[in-house]
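Notes follow the structure.
Predicted model only: the values in this text are computed from it and were never measured.
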Amino acid sequence: MTRTRWIALGLVAAGSVLAQAFGPHPPYARWWDLVPGSYALFGFLGCVAIVVVSKRLGKALLQRPEDYYDAS
Amino acid sequence: MLPELPPALVLWLGAAALPLVPRRLRPAVFPLFPLAALALVWALPEGVLWSVDYLGFRLVPLEVDRMSRLFGAIFTLIGVLGGVYALHVRDTGQQAAALLYGGGALAVTFAGDYLSLFLGWEVMAVASAALVWAARTPEASAAGRRYILVHLFGGSLLLAGIALQVAATGSLALAPFSPGASAAAWLVLAGVALNAALPPLHAWLPDAYPRATVTGAVFLSAYTTKTSVYVLATLFAGWDVLIPLGVIMALYGVVYAVLANDIREILAYHIISQVGYMVAAVGIGTELALNGAAAHAFSHILYKALLFMGAGVVIQTTGRSKLTRLGGFAKRQRLAVALYMIGAFSISGFPLFNGFISKAVIVSAAGKSGHTAAMVLLILASVGTFLHTGLKLPYFTWFGRDRGIVPAPAPRNMLAAMAGVAALCILYGVAPGLLYGILPFPMAYRPYTVPHLAETAQILVFTFVAFWLLREKLAGEDRIALDTDWFYRKGAPVADRLVVGGVNRVFSACDALANRSARALADRVRDLTARGIRRAPVGASLALTLLVLILAAVLAMVGA
C-alpha cells in the first residue's frame with residue numbers, strides 16, 4: 001500500500017463520515033445512523049470480530065490435518 | 001414467432017444433439033443452445049402455456065410469470081457465457097452434462113406442478129454430479145459420490161413431501177404453503193433447503209464444488225442453489241423461520257471462509273453466505289423483500305460465475321488451488337486479476353457494481369419490515385464478504401508472498417467470458433433500472449442515496465483497514481475445517497455395516513435358501529422325469545402365476 005493510496009482511502013473515509021454527519025438521514029433511521037462514523041466503527045470491529053471468532057473456533061474445534069479423512 | 005415450448009427442452013435437445021455434431025465444433029455449438037433458450041424465455045407470454053392431464057392429474061410443464069422469466073433469463077444467460085468460458089474444453093460428456101443440468105434448472109423454474117418440478121430437480125442432481133466426476137481425480141470421484149447421495153436424499157425428502165401433499169389435496173398444483181402448514185410443507189422445505197445449502201444440509205456444496213472441473217464449477221455455482229431460491233420464493237414466501245435461518249447461513253459461510261485454504265472453497269462458502277441473504281428475504285416475504293431475493297439471485301449468478309471463472313483461470317494456468325501454494329504473480333496475470341476484482345467488488349457491494357444494487361434491497365427490506373437484528377447481521381456478513389472474496393482471496397492468490405509462479409497463458413476464451421460477465425456486473429450496477437424493471441413486483445427503490453453511499457463507504461474502507469492490520473492472521477493454513485459432512489463421512493463405514501452390510505447378508509442368505517430349494521425341487525423333478533414324465537411344466541406354471549398377478553394388478557387399478 002503506497003502513501004497515496006492511504007491518503008485516498010482517508011479522503012473517502014472522511015468524506016463519508018461528513019456525509020453521514022451533515023447529509024440527509026435515511027428513512028427509518030436507527031440511533032446509530034445519527035452517530036457520525038458509526039458504520040466505520042462497525043466495519044472495523046465487525047472485521048476484527050469475524051477474524052478472531054472464526055480463528056478461535058477453528059483452533060478450538062474445527063481444524064484438522066489435511067489428510068484427516070484419508071487417515072481412517 | 002417462437003414456438004411455446006419449455007425452454008428446458010432446448011437444452012435437453014442440445015445434450016442429445018451435441019454428440020452428433022463433429023467433435024471439433026461441439027464447444028462452439030454448445031452456447032447456441034442456451035442462447036436459443038434465452039430467446040425463448042424472453043419471447044414466451046405469461047400464463048399456463050402447456051398442460052396435460054395424466055392419470056387424473058394435471059401436469060403443467062410450462063408456466064411463465066415474471067419471477068420464472070427472470071430466473072430463466074439469468075440461467076440461460078450464464079449458460080451462454082459459461083459455454084464461452086469452456087470453448088477450449090474437449091469433453092463431450094461434460095458439455096452434455098452441463099446442458100442437461102441447465103435444462104433441469106429451467107424445467108424446475110417453469111414447472112407449474114410438482115411432478116414436472118421433481119423431474120427437473122432430479123435431472124439437476126445427476127447431471128451436476130457428472131460435472132464433479134468429470135474432473136477425473138480420485139478426490140472428485142469420492143466427492144461426487146457423496147454429492148449424489150446427499151442430493152438423492154434431498155430429492156427423496158422432496159418426493160415424500162410431494163406425496164403427502166398430493167394425498168392431502170389430491171392435486172399436483174404448486175401453491176404457496178401458509179407458514180408451518182403441514183408435514184408435507186416441512187418435508188418439501190427440507191428437500192428444497194438442502195439444495196439451497198442451508199446448514200446443516202449444506203456440506204455437499206463446499207465438499208464438491210472445489211473438486212469439480214474448472215469449467216463445470218461455473219455452472220454449479222449458478223444453478224442448484226438459485227433454483228432453490230426460486231422454489232422457496234414461490235412456495236415459502238413469508239415463512240418467518242427462514243429469516244433467522246438465512247441470517248445464520250450468511251454468517252456461517254463467512255466463518256468457514258476464514259478457515260478455508262482452497263480458493264474455490266472460499267468462494268463456495270460465500271455462495272452459502274450470499275444465498276443466506278436470499279433465504280432471509282424470502283422469509284421476510286414483503287414485495288420489496290421478494291424483489292430483493294430475485295434481484296440478488298440475478299446479480300449473484302453473474303458475479304459468482306465471474307469469481308469462479310477467475311479462480312478457474314488460476315487453477316488452469318498454475319495447477320494450484322491453495323492459498324498456501326499461491327502468491328506473487330499478479331503482474332503475470334493482470335487481466336484476470338482485474339476481471340476477478342470486478343466480481344469481488346460486485347459481491348462486496350461496492351457502489352456502481354451489481355451486488356450493491358441488489359443486496360441493498362434485501363437489507364432495506366429487513367429494516368423497513370422491522371427486522372433490525374437481521375438487518376445488522378446481514379450488514380456484518382457483508383463485511384465478511386469483502387474480507388474474503390475481495391481481500392483475502394486475491395491478496396494471498398496473486399499478491400502476498402512471491403512463490404516464483406510462472407502461470408501458463410490463459411485460454412483467450414476464458415478471459416473473454418470473464419470480460420463479458422464483468423461488463424454485465426458493471427452495467428447493472430450503473431443502470432439498476434435495467435434489473436429493477438424486470439423484477440416480479442413494481443419497484444420504486446433507489447439504491448444510490450447519500451446515506452446509503454456514506455454507510456457503504458465507511459464499512460468498506462474500515463474493513464480494509466482491519467484486514468490490513470490482521471492480514472498475517474488470514475494467511476491460508478494447510479489444514480481443513482470440519483463441517484457437517486463429518487457425520488456422513490465418518491459415519492459411512494458404520495452406516496455401511498448397518499444398512500448395506502446387513503441388507504447384503506439378508507440377500508445372500510435368501511439367495512442361498514432359494515438356491516437350495518431350487519436344487520431340492522430340481523432333484524424331485526429329475527425323480528419324476530425318471531419315472532416317465534418327460535418335462536415338468538415349470539415354465540407353464542410360472543407363466544400362469546405371472547398372468548394371474550398381472551390380471552390382479554389390472555383389476556386393482558381399474559377398481560381404484
Side-chain angles (χ1 to χ4, degrees), chain A residues 1-2 5-72, chain B residues 138-139 142 251 254-259 261 322 364 367-370 372 375-377 379-384 386-388 391-392 449-471 473-474 477-483 485-486 489-490 492-493:
Chain A
M1 282 292 287
T2 58
R5 288 186 194 171
W6 280 115
I7 292 173
L9 272 186
L11 286 176
V12 173
S16 58
V17 174
L18 287 176
Q20 193 189 9
F22 300 108
H25 292 301
Y28 310 97
R30 307 298 201 281
W31 60 264
W32 58 80
D33 284 307
L34 310 177
V35 182
S38 55
Y39 285 103
L41 194 68
F42 185 83
F44 186 83
L45 293 181
C47 185
V48 173
I50 286 169
V51 174
V52 172
V53 170
S54 310
K55 282 284 172 191
R56 287 258 166 95
L57 264 176
K59 290 277 167 304
L61 200 63
L62 302 172
Q63 284 183 310
R64 293 289 184 280
E66 276 188 325
D67 62 353
Y68 174 76
Y69 284 115
D70 310 326
S72 56
Chain B
E139 295 79 33
L251 291 170
V254 165
V255 168
Y256 271 86
V258 175
L259 303 172
N261 186 25
K322 290 186 176 154
S364 298
K368 279 185 187 169
S369 58
T372 309
M375 180 186 78
V376 172
L377 291 172
I379 298 175
L380 178 65
S382 74
V383 169
F386 179 42
L387 173 65
H388 298 119
L391 296 168
K392 170 184 165 174
T449 61
V450 172
H452 189 203
L453 288 169
E455 170 192 329
T456 310
Q458 288 181 27
I459 289 176
L460 292 173
V461 169
F462 281 86
T463 301
F464 176 80
V465 172
F467 164 78
W468 197 256
L469 296 175
L470 293 172
R471 65 188 187 281
K473 268 183 163 311
L474 279 163
E477 292 177 83
D478 283 320
R479 293 170 76 73
I480 59 161
L482 297 187
D483 205 338
D485 54 344
W486 182 86
R489 294 180 75 169
K490 282 292 176 187

Audit row: B/Glu139, A/Tyr69, side-chain contact (heavy atoms from CB on, under 4.5 Å) steps and yes/no: CA-CA 11 Å; B/Glu139 295 79 33; A/Tyr69 284 115; over 6 Å; no
Check whether B/Thr456 gets within reach of chain A through its side chain, its backbone, both or neither, counting any heavy atom under 4.5 Å. neither
Within-4.5 Å side-chain heavy-atom neighbours: A/Leu9 and B/Trp468: no
Go through A/Phe22 and B/Val450 one step at a time and tell me if the side-chain contact (heavy atoms from CB on, under 4.5 Å) criterion holds. CA-CA 10 Å; A/Phe22 300 108; B/Val450 172; over 6 Å; no
Highest number of heavy-atom pairs under 4.5 Å with chain B: which of A/Gly58, A/Ala19, A/Gly37? A/Gly37
Who wins among B/Val254, B/Ile379, B/Leu453, B/Leu460 for the most heavy-atom pairs under 4.5 Å with chain A? B/Ile379
side-chain contact (heavy atoms from CB on, under 4.5 Å), that's the test. Do B/Trp486 and A/Arg64 meet it? Break it down for me. CA-CA 11 Å; B/Trp486 182 86; A/Arg64 293 289 184 280; over 6 Å; no
In this structure, CG of B/Leu474 is separated from SG of A/Cys47 (nearest 0.5 Å) by 7.0 Å
Measure up the B/Phe464 and A/Trp6 rings against each other and bin them: parallel (under 30°), tilted (30 to 60°), perpendicular (over 60°). tilted
Can you tell me how far the CG atom of B/Leu259 sits from the CG atom of A/Leu57, to the nearest 0.5 Å? 7.5 Å
Would you give the length of the straight line joining atom CG of A/Leu41 to atom CD1 of B/Ile459, rounded to the nearest 0.5 angstrom? 11.0 Å
Ignoring hydrogens, what is the shortest heavy-atom contact between B/Ile480 and A/Glu66? Give both atom names and the distance. CG2-CA, 4.1 Å
Could you tell me which portion of B/Tyr256 (side chain, backbone, both or neither) has an atom closer than 4.5 angstrom to a non-hydrogen atom of chain A? side chain
At a heavy-atom distance under 4.5 Å, which candidate from A/Gln20, A/Gln63, A/Arg30 has the highest pair count against chain B? A/Gln63
Applying side-chain contact (heavy atoms from CB on, under 4.5 Å) to A/Ile50 and B/Leu380, what does each step give before you reach the verdict? CA-CA 9 Å; A/Ile50 286 169; B/Leu380 178 65; 4.2 Å; yes
